[in-house]
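Read the structure below first, then the notes.
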Number of protein chains: 2
Amino acid sequence: MDNASRHHPQNIRLYLTVGQRLLRDSLLFQLLLHDDVELVGESETGLDTLNRLEAARPGVLIIEEDLLDNDGLTIAENALSMNPTLAVLLISEITVSAGRLAIYLEAGIKAVVSKHQSIQELIKTLFYIRNGQVYVGTLQTPGNNAGEAMVAYRALSRREREVAQLMARRVPVKDIADQLGVSCKTVHSYKDRIFIKLGFERLPELILFMKRQSQGAAA
Amino acid sequence: MDNASRHHPQNIRLYLTVGQRLLRDSLLFQLLLHDDVELVGESETGLDTLNRLEAARPGVLIIEEDLLDNDGLTIAENALSMNPTLAVLLISEITVSAGRLAIYLEAGIKAVVSKHQSIQELIKTLFYIRNGQVYVGTLQTPGNNAGEAMVAYRALSRREREVAQLMARRVPVKDIADQLGVSCKTVHSYKDRIFIKLGFERLPELILFMKRQSQGAAA
DNA sequence: CGATTTTGTAGGAACTTCCTACAAAATCGT
DNA sequence: ACGATTTTGTAGGAAGTTCCTACAAAATCG
């Protein structure tokens, strides 16, 4: 067992199958920002996935439904035959119907996330299914993430909202401290609380949230 | 002029038009990890883009070629009519031919990046066109990023490669220091040099690079 | 062989993260 | 109205990270 798995026994051993490099790269970077995600392999195609899965020994397979060479469901079914404990998250092109979803669950798929959903929902789903639970994001979303953050934002104190707005505009912590007449430590404490309350981990999430909230931009 | 632009007069005022939320989110998070990227708006559709561009006053528009309601090129041409100084980066579905590329350049597009290229290439292109230069990634890529990093990796010293491998496996800095018999400060110094030499900014880039390099996985 | 560059190593200052702490203000339950 | 509890505002400690600088030894260059 290598170091990463030794240090983090509950690592997510992830295999990703996405046809287009831009999307695959973007998802991988995002996912690897999480310390407990361990990438054990990646593929562009379904066949390549099946060829590499045995050696890679993943715990989670994220696979696109619309692959160039096969449909992802077929590949996922094959993968599950090889390894029934594999947790599969299917990335669908569109929101799937209830009937189709039943087929996926029947096939052993643990989660379905549509390409029209946010990346937070995909990440949330990933951490959900790692524990073997079924999560069906396209129908049973436990509330829209953006909606949850909006509610959480309204629950922030006045000061918290003030700091959130300044941080979202990339005002340096030092300047925020000067402007509010508090110490840098205080600003950091506020940041901690804002991120926890909104369910964020990094500044880009806050920036995007604040931007979208203030403009009602396409979501 | 708001704080962000005041603090970073050379900010990239970015507008992003991508139909699918998952890709749009992923790209936005990636781009917003860079301090000098300021998101001034985003859209799912071409029409929404045109409606919002004037108020948003972007310096750079990144737009998908295959939009649901229009083709990105037409929208980009309209956008350029409204604002000839706009730098447009077109995201194409496939690598474009030389003929088609000439059409894009004729239309005032500053760069074209295919969805089969890496996100580093998109980011690199973005920072390139911000200064008004033309960059045509699908034909005139100044070397394949992955190839460049591979060459750079071979140029690392033995010790640098050793540290790179351990960091890529998420071995804590303290453990690396103990194992190599050096101080944590030394490990940090090595990390600095490795990232500079390989052109990386964050650990996920290193992790992905090392993984791909060791496996020759799909690229 | 002398000059220059690279490597190996590590510290300083400032910043960030994670955690803890406390008084005042606000809220809750009776 | 009042005591109990929670929240808010504020900020420090310890450890880790970032950015920069420094220096001797080793390697490379001309």
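Below, all heavy atoms of this structure are taken into account, side chains as well, without hydrogens, waters or symmetry copies.
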Note to self: With a 4.0 Å limit, can you tell me whether B/S157 has a side-chain N or O closer than that to the phosphate oxygens OP1/OP2 of C/dG8?
What the structure shows: yes

Margin query: Nearest to the B/Y190 side chain among C/dA10, C/dG8, D/dC19, which nucleotide is it?
Written below: C/dG8

Margin query: Whole angstroms only, please: what is the CG-C1' distance between A/D192 and D/dG9?
Written below: 14 Å

Notebook entry, point to check: For C/dT9, does either OP1 or OP2 sit under 4.0 Å from a side-chain N or O belonging to B/R159?
Noted result: yes

Check: Would you say a side-chain N or O of B/K185 is under 4.0 Å from OP1 or OP2 of C/dG8?
Finding: no

Next item on the list: Please determine, for the side chain of A/S183, which listed nucleotide (D/dG12, C/dT9, D/dG9) has the closest atom?
Entry: D/dG12

Next item on the list: Would you mind reading off the distance between B/I196 atom CD1 and D/dC19 atom P, rounded to a whole angstrom?
Entry: 9 Å

Notebook entry, point to check: In whole Å, what is the span from the CD atom of A/E162 to the C1' atom of D/dT8?
Noted result: 13 Å

Checklist line | Least distance between heavy atoms, A/A76 atom then A/V88 atom | finding: CB-CG1, 3.9 Å

Check: Could you give the CG-to-P distance, from B/D175 to D/dA15, as a whole number of Å?
Finding: 16 Å

Margin query: Does D/dA11 have its OP1 or OP2 closer than 4.0 Å to a side-chain nitrogen or oxygen of A/T186?
Written below: yes

Check: What integer distance in Å separates B/K174:NZ from D/dA14:C1'?
Finding: 14 Å

Item checked: Base-pairing mate for D/dC2 - Watson-Crick or G-U, with both contacts under 3.5 Å -> C/dG29

Notebook entry, point to check: Donor-acceptor pair under 3.5 Å: do we get one between A/R193's side chain and the base of D/dG9?
Noted result: yes

Check: A/S189 or B/A155: which one's nearest nucleotide on DNA chain C is closer to the 5' end?
Finding: B/A155

Check: Closest nucleotide of DNA chain D for B/E201 versus for A/K197: which of these residues is on the 5' side?
Finding: A/K197

Checklist line | Whether B/F127 and B/H34 hold their rings parallel, tilted or perpendicular, with breakpoints at 30° and 60° | finding: tilted

Next item on the list: Might you point out which heavy atoms bring A/L50 and A/A79 nearest each other, and give the distance in Å?
Entry: CD2-N, 3.9 Å

Check: Do you know the tightest heavy-atom contact between B/C184 and B/K174?
Finding: SG-CA, 3.9 Å

Checklist line | Atom of A/T125, atom of A/V113 and distance for their closest heavy-atom approach | finding: OG1-CG2, 3.7 Å

Item checked: Short side-chain N/O contact to D/dT18 OP1/OP2 from B/K191, under 4.0 Å -> yes

Item checked: Rounded distance (Å) that lies between atom P of C/dT6 and atom CZ of B/R154 -> 20 Å

Notebook entry, point to check: To the nearest Å, how far apart are A/I176 CD1 and D/dG9 C1'?
Noted result: 16 Å

Notebook entry, point to check: To the nearest angstrom, how far is A/L203 atom CG from C/dT17 atom P?
Noted result: 9 Å

Notebook entry, point to check: If pairing requires Watson-Crick or G-U wobble contacts with both distances under 3.5 Å, which nucleotide is the partner of D/dC19?
Noted result: C/dG12

Check: Does D/dT7 have a Watson-Crick or wobble mate here (both distances under 3.5 Å), and if so which one?
Finding: C/dA24

Checklist line | Nearest listed nucleotide, side chain of A/H188, among C/dT16, C/dC18, D/dT10 | finding: C/dT16

Notebook entry, point to check: Side chain of B/R24, backbone of B/E44: donor and acceptor closer than 3.5 Å?
Noted result: no

